[in-house]
2 protein chains.
Amino acid sequence: MELTARKKEILKVVTERYIDAAEPVGSKYIAQAMGGSVSSATIRNELADLVEMGYLEQPHTSAGRIPSPKGYRLYVNELMERRQVSDQEAAEINSALQGKMQELDSVIAQAGQMVSSIVNYPAYAVTAGKNSVTVRRYDLLPVDAMSFIAVVMTDDSRVKSQLLRTELPVEAEQLPALANLLNTHFTGIHTEELGSKLMALAPQLGAELFMPLSQTIEFATAVIDNSERSHVFTTGQSQIFRQPEFQDLTKADGLMSLLTDQKSQLPVLDANTPMQILIGPENVNEALKDASVVVASYDIGDNMRGLIGVVGPTRMDYATVAARLSYFAESLTKMFGKNNQLPPKEDDIP
Amino acid sequence: MELTARKKEILKVVTERYIDAAEPVGSKYIAQAMGGSVSSATIRNELADLVEMGYLEQPHTSAGRIPSPKGYRLYVNELMERRQVSDQEAAEINSALQGKMQELDSVIAQAGQMVSSIVNYPAYAVTAGKNSVTVRRYDLLPVDAMSFIAVVMTDDSRVKSQLLRTELPVEAEQLPALANLLNTHFTGIHTEELGSKLMALAPQLGAELFMPLSQTIEFATAVIDNSERSHVFTTGQSQIFRQPEFQDLTKADGLMSLLTDQKSQLPVLDANTPMQILIGPENVNEALKDASVVVASYDIGDNMRGLIGVVGPTRMDYATVAARLSYFAESLTKMFGKNNQLPPKEDDIP
DNA sequence: TTTAGCACTCGAGGGAAAGGAGTGCTAAAG
DNA sequence: CTTTAGCACTCCTTTCCCTCGAGTGCTAAA
């Protein structure tokens with residue numbers, strides 16, 4: 001059977017109406033929405049075809065039709081009018097982005113919050129999670145006899161520091177030598193090697209040098225681990241309850257658990273794809289089989305990539321969400337691009 | 001009317017049974033639970049008294065009784081057997097606390113997670129939020145011509161650092177002088193003054209010095225702000241759904257919103273109180289009127305105090321939660337006291 | 001191919017009735 | 001004065017049945 005233009009139009013009407021009203025759409029409504037050029041009986045014939053072709057579903061024999069995941073997919077791919085964000089929306093998004101910049105992670109978490117409030121669904125944000133982070137450089141700063149500050153800069157230009165207490169006194173004069181040692185032997189290598197290298201060097205050092213060295217390495221390891229792990233931030237979870245399909249506790253529960261306790265299982269985006277829409281059963285995760293996810297990526301500096309996603313019912317307003325999310329992601333890319341702070345961009349040196 | 005020993009015993013039985021079964025308790029059950037020494041009719045007389053006195057409630061005339069908030073309060077204050085955590089529970093808690101320590105905030109967030117999993121209710125953790133944090137010390141480390149690392153140590157011994165990019169080249173040799181300037185004029189004073197002092201000093205400095213100075217101050221301001229703000233971490237939100245009283249979406253919704261989007265409104269603990277139990281209407285927050293909260297505090301080092309709380313139905317298992325939470329809080333105090341990291345750890349040297 | 005007409009289906013909503021847990025009261029017993 | 005057995009009563013819950021109406025599918029005519 002062929003998918004005629006009229007069938008497509010009907011599918012579009014059904015989908016948009018269902019997105020709006022959350023109840024099955026009947027032939028009479030469709031006939032009217034299409035301008036009354038055909039009768040409801042004709043529509044009914046078409047509807048029967050669309051069900052047979054798998055684009056629509058019928059909750060029960062005497063109900064109207066709702067889109068199947070396949071129907072949504074067609075809608076998203078072909079039928080949906082790619083919305084542009086309005087000037088007002090753009091203005092809102094931009095003003096939300098003006099906030100002051102802090103640590104990378106908290107910026108990313110905030111981005112998630114903004115998205116959630118912009119689209120009115122729960123949202124999540126994922127930090128990059130680079131593969132093999134190494135330390136580019138160490139600095140040790142004296143504090144007092146029993147403590148010093150370790151500063152670690154990674155090759156993805158994050159800088160972390162911590163106050164470390166020692167058991168034996170460390171002379172301030174020894175610190176540069178120690179830092180030198182660290183910078184010579186412990187840069188550019190990965191965590192496992194850090195440990196083994198430390199062991200190899202141990203015999204040559206006295207306890208008063210080995211201890212602070214070991215503490216610094218331990219700290220560096222934690223920094224690297226933390227930098228390699230991707231963190232997920234979620235917000236707006238309670239928006240879920242505003243959706244009629246999640247009045248049913250069992251469904252809401254699954255999603256809530258995912259959004260609060262199993263964040264790491266939220267879908268990520270294929271490389272090189274700016275945006276992706278995952279409809280119902282297209283999701284791998286069981287808890288998302290009755291939901292849809294829209295994910296977009298943005299660039300952080302030149303070589304990092306952030307991810308931001310929205311979770312909603314299959315009936316979610318794809319056109320609006322997709323438009324706002326992609327605009328938001330693009331804005332973030334721009335902001336990170338032309339902006340100061342976190343990752344230094346290699347730009348024009350005079 | 002007098003609250004006889006038998007009335008108290010009945011109240012205890014009712015409360016504990018209701019905590020367990022989540023349904024009104026009838027006279028027959030109580031008679032049996034009390035060893036059959038009295039008949040259900042006697043119990044019924046007592047129950048009528050207890051209702052009149054306000055310790056019990058009757059959902060409707062022909063139902064059993066449930067404790068009123070006043071009843072819970074009496075139970076918590078007098079009747080409840082202060083449970084001790086079992087050796088096994090203690091072992092579990094201790095092993096959970098063995099995890100490696102990282103940044104203070106993430107340790108605190110993790111503590112929340114552990115508590116939630118220990119008590120099977122949602123939990124939250126609040127960071128201290130000291131009042132007037134100042135910078136104790138600045139360090140500036142050269143990176144390249146266009147960037148340097150600012151390290152800021154606050155008077156509560158947190159150390160934060162960030163890579164800062166400059167617009168004009170900064171010579172590595174200038175940094176110690178700059179740091180000196182910072183340490184002379186910008187330590188021990190509060191944020192507002194930082195800005196004004198910077199302005200006051202501005203005329204004496206060339207742009208190539210003023211810029212990095214201003215950037216460092218800006219960073220320091222952010223660090224202080226962040227350190228003064230108290231952060232709230234929540235976990236285990238979805239545990240709420242396991243409770244029959246929150247099957248009703250409208251109630252669950254209020255709590256969920258509180259636990260996800262309005263965390264800052266979660267109750268805190270009065271100073272000098274190690275633990276507090278807030279039952280139903282004793283809570284200020286509207287969303288908590290049908291819920292109870294158990295909050296405990298622990299010490300972080302010598303002069304900071306962390307907060308950790310559990311949210312559950314009024315029917316929550318106070319004895320168990322209180323026991324585990326207070327044990328956990330005490331363990332945290334010990335850990336922070338004698339321990340590693342933040343205050344770093346003294347361990348055996350090879 | 002489209003349309004009007006019509007019987008049919010099925011869920012939602014609203015009592016009515018049955019079932020049952022638990023009460024309150026009374027009157028007798030301790 | 002307290003306790004207890006007995007019993008009528010209350011009221012929630014569950015179940016069943018009925019009605020109502022939206023919407024369908026099919027047929028036959030345009």
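Order of the sequence lines fixes the chain letters, A, B, ..., with proteins taken first and strands second; residue numbering starts at 1 for each chain. This is a predicted model, so every value here is computed, not measured.
- The nearest pair of heavy atoms linking B:Gln239 to B:Asn120 is OE1-O, 3.6 Å.
- Proximity of a side-chain donor or acceptor of B:Asn283 to a complementary backbone N or O of B:Asn285 within less than 3.5 Å is not detected.
- Across D:dT4, C:dC25, C:dT3, the shortest atom-to-atom separation from the side chain of A:Val38 is found for C:dT3.
- Nucleotide D:dT24 holds its C1' atom 12 Å from the CD1 atom of A:Ile30, rounded to whole Å.
- Two residues, B:Ala41 and B:Ser62, neighbour DNA chain C, and the one matched to the more 5' nucleotide by heavy-atom proximity is B:Ser62.
- Heavy-atom distances to DNA chain D give each of B:Pro59 and A:Gly26 a nearest nucleotide, and the one nearer the 5′ end belongs to B:Pro59.
- The backbone N or O of A:Gly112 sits nowhere less than 3.5 Å from a side-chain atom of A:Ser116 that would complete a donor-acceptor pair.
- A donor-acceptor pair under 3.5 Å is absent between the side-chain atoms of A:Ser27 and the main chain of A:Ile43, judged by distance alone.
- Between A:Leu266 and the options A:Val311, A:Leu307, A:Val126, A:Val295, a side-chain contact (heavy atoms from CB on, under 4.5 Å) holds for only A:Val311.
- Using a 4.0 Å cut-off, some side-chain N or O of A:Gln58 falls inside it from OP1 or OP2 of D:dG25.
- Rounded to a whole Å, the CZ atom of B:Arg65 is 14 Å from the C1' atom of D:dC11.
- You'll find that the side chain of B:Thr42 is closest to D:dT4, out of D:dT4, D:dT24, C:dT3.
- Contacts of A:Ser40 with the nucleic acid, taken as non-hydrogen atoms under 4.0 Å apart, are absent.
- Residue B:Gln32 contributes atom CD, which lies 15 Å from atom C1' of C:dA21 at whole-angstrom precision.
- Rounded to whole angstrom, the span from the CG atom of A:Leu56 across to the P atom of D:dG23 amounts to 15 Å.
- A straight line from CD1 of A:Ile43 to P of C:dT3 spans 9 Å, rounded to a whole angstrom.
- Close to D:dT10, at under 4.0 Å from its OP1 or OP2, lies no side-chain N or O of B:Thr61.
- Of the residues near DNA chain D, B:Ser37 and B:His60, the one whose nearest nucleotide (by heavy atom distance) lies more toward the 5' end is B:Ser37.
- Rounded to whole Å, the distance from CZ on B:Arg6 to P on D:dC1 is 16 Å.
- Nucleotide C:dT23 holds its C1' atom 19 Å from the OH atom of B:Tyr29, rounded to whole Å.
- Nearest heavy atoms, A:Pro267 versus A:Tyr124: O-OH, 2.7 Å.
- By the 30° and 60° cut-offs, the orientation of the rings of A:Tyr72 relative to A:Tyr18 is tilted.
- Distances shown here put every side-chain N or O of B:Ser39 at or beyond 4.0 Å from the OP1 or OP2 atom of D:dT3.
- In this structure, the CD atom of A:Glu23 is 17 Å from the P atom of D:dG21, given to the nearest Å.
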Both atom distances under 3.5 Å, Watson-Crick or G-U wobble: I'd like the secondary structure of DNA chain D as a dot-bracket string, with | for pairs made across strands. ||||||||||||||||||||||||||||||

